[in-house]
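The structure appears right after this line, and notes come after that.
In the text below, chain A, chain B and the rest are named by the order of the sequence lines, each starting its count at 1.
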Protein chains: 2
Amino acid sequence: MSSIQPIPRIQNDVNAELRLIALQMFAENGYAGTSLQQIADAAGYSKSSVLYHFRSKEALLEESLAPALSELGEFLDSVVARASSDELRAAFVEEFVDLLLEHRLAAHIIINQGQTLADIPAIDAARGYIDRIGESFMSELPTTKQRIRLGVALAGAAYVLVAARPSTAEIESVDEIREALIDVVSELITGLSA
Amino acid sequence: MSSIQPIPRIQNDVNAELRLIALQMFAENGYAGTSLQQIADAAGYSKSSVLYHFRSKEALLEESLAPALSELGEFLDSVVARASSDELRAAFVEEFVDLLLEHRLAAHIIINQGQTLADIPAIDAARGYIDRIGESFMSELPTTKQRIRLGVALAGAAYVLVAARPSTAEIESVDEIREALIDVVSELITGLSA
DNA sequence: CCCTAATCTGACCGATCGGTCAGCGCCTGC
DNA sequence: GCAGGCGCTGACCGATCGGTCAGATTAGGG
């Protein structure tokens with residue numbers, strides 16, 4: 001306890017707080033549509049303070065996405081490790097949906113704004129991961145139909161995760177959403193090897 | 001020819017040109033991420049000239065979306081007119097996918113940026129239309145699973161329509177995409193009445 | 001207690017934002 | 001050939017953008 005921590009400059013509370021707020025606002029209003037001032041106001045700090053913790057707006061985005069990126073990379077490794085045998089597909093889908101649920105905000109940013117933010121390294125890396133995960137599900141060269149099914153599953157899931165319209169408030173449990181998502185995604189994915 | 005046109009102040013060429021360019025840029029880089037200067041540069045006009053044709057940036061967006069809005073409204077009418085008998089579902093899906101294909105840029109803006117742009121009347125109207133189209137497919141109160149399937153189908157389709165990654169360039173024909181989309185959307189939609 | 005370093009802030013920077021306005025050239029109808 | 005309007009533009013506006021910097025404030029270990 002009293003000994004120095006292994007890595008002294010660990011992310012502190014303020015840092016994590018800012019990353020969470022930024023992630024929410026980037027997902028809801030878009031990266032371009034969210035200013036550092038708005039983030040600072042929402043967090044109760046000054047804009048200068050935000051820029052003290054993060055070198056730039058882009059760095060704030062990248063560090064906010066980092067945890068999701070890390071887990072996405074691990075998931076990709078586990079996918080390529082186990083060969084894509086048919087009966088393991090269901091387990092993969094379940095893990096993948098859980099990954100989306102855990103990092104729903106990051107997923108929404110990467111998928112919905114990935115096109116716009118293509119020049120940001122973290123975004124580019126994430127898109128590369130996703131591409132390779134998709135490829136691992138496909139035998140040989142993907143057909144148009146396969147790529148469209150995968151795209152619909154991915155983008156559709158990412159959208160649903162954040163859509164949460166004000167009307168018909170989010171009374172429904174996460175479990176219910178999880179179950180429905182696993183159902184629809186696996187239905188879309190299983191059509192890929194055909 | 002020499003007689004005055006029925007409605008003198010019809011949309012002229014420049015107007016239509018600007019609307020198309022704006023629609024493309026809004027879809028690709030986001031509404032907040034696209035400046036009037038960028039639109040003007042892309043069109044080869046000055047920013048002042050853009051604002052001469054359109055009262056404001058918001059008006060440019062609304063007028064760019066107008067054709068899609070109009071057709072979407074007509075589609076909604078045709079949906080509620082014919083009762084949603086099961087065997088007509090396929091025809092509905094086909095029409096709907098064609099609508100998405102025809103107005104792919106507008107669809108992408110409405111679905112992917114609808115949350116952010118909720119205070120813009122045209123966007124709000126479009127989201128209302130889509131909600132009502134969705135409701136017309138559902139019997140009684142929609143379950144979570146039903147709403148998720150519909151959300152995945154809509155957002156997934158909208159994403160695929162604009163995704164068109166630079167890699168593996170858009171060699172594939174529109175017909176191929178259309179066929180795949182009709183297939184996957186109808187598969188998702190037909191699960192709604194269950 | 002005091003010195004240092006971490007944290008936080010307001011003032012300020014140049015650039016760009018959406019938008020206004022006066023005026024330019026050009027075409028057209030009289 | 002002249003008057004008038006339309007299309008278009010540069011200059012300019014206040015506000016805000018992301019980012020810098022010097023200094024105030026705070027916290028903590030010796």
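For E17(A), there are no side-chain hydrogen bond (donor to acceptor under 3.5 Å, both in side chains) partners two or more places apart in sequence or in a different chain. Residues passing the side chain to side chain contact (heavy atoms under 4.5 Å, CB included) test with L154(A), sequence neighbours excluded: F96(A), I111(A), I130(A). R55(B) meets the side-chain hydrogen bond (donor to acceptor under 3.5 Å, both in side chains) test with no other residue; sequence neighbours excluded. Contacts of H103(B) classified as side-chain hydrogen bond (donor to acceptor under 3.5 Å, both in side chains), with partners at least two apart in sequence or in another chain: E71(B).
The phosphate of dC8(D) has neither OP1 nor OP2 within less than 4.0 Å of any side-chain N or O from S46(B). Look at H53(A) and you'll find a side-chain N or O under 4.0 angstrom from OP1 or OP2 of dC8(C).
Atom pair Y45(A):OH and dT25(D):P shows a separation of 18 Å (rounding to whole Å applied). Between the OH atom of Y52(B) and the C1' atom of dC24(C) there is a distance of 14 Å, rounded to whole Å. Rounded to an integer number of Å, the gap from N15(A) CG to dA6(C) C1' is 14 Å.
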Would you list the protein and nucleotides 14-19 of chain D atom pairs, both N or O, that sit under 3.5 Å from each other?
from    : atom 1 : to     : atom 2 : distance (Å)
dC17(D) : OP1    : S35(A) : OG     : 2.9
dG18(D) : OP1    : K57(A) : NZ     : 2.8
dG18(D) : OP2    : L36(A) : N      : 3.0
dG18(D) : N7     : K47(A) : NZ     : 3.0
dG18(D) : O6     : K47(A) : NZ     : 3.4
dG19(D) : OP2    : K57(A) : N      : 2.7
dG19(D) : N7     : K47(A) : NZ     : 3.4
dG19(D) : O6     : K47(A) : NZ     : 2.8

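Salt-bridge check for R178(A) with E94(A): passed, with a basic side-chain N closer than 4.0 Å to an acidic carboxylate O.
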Distance-only donor-acceptor hits, side chain of residues 38-49 of chain B, under 3.5 Å, sequence neighbours excluded:
from   : atom 1 : to     : atom 2 : distance (Å)
Q38(B) : OE1    : S35(B) : N      : 3.1
D41(B) : OD1    : Q37(B) : NE2    : 3.2
S46(B) : OG     : S49(B) : N      : 3.2

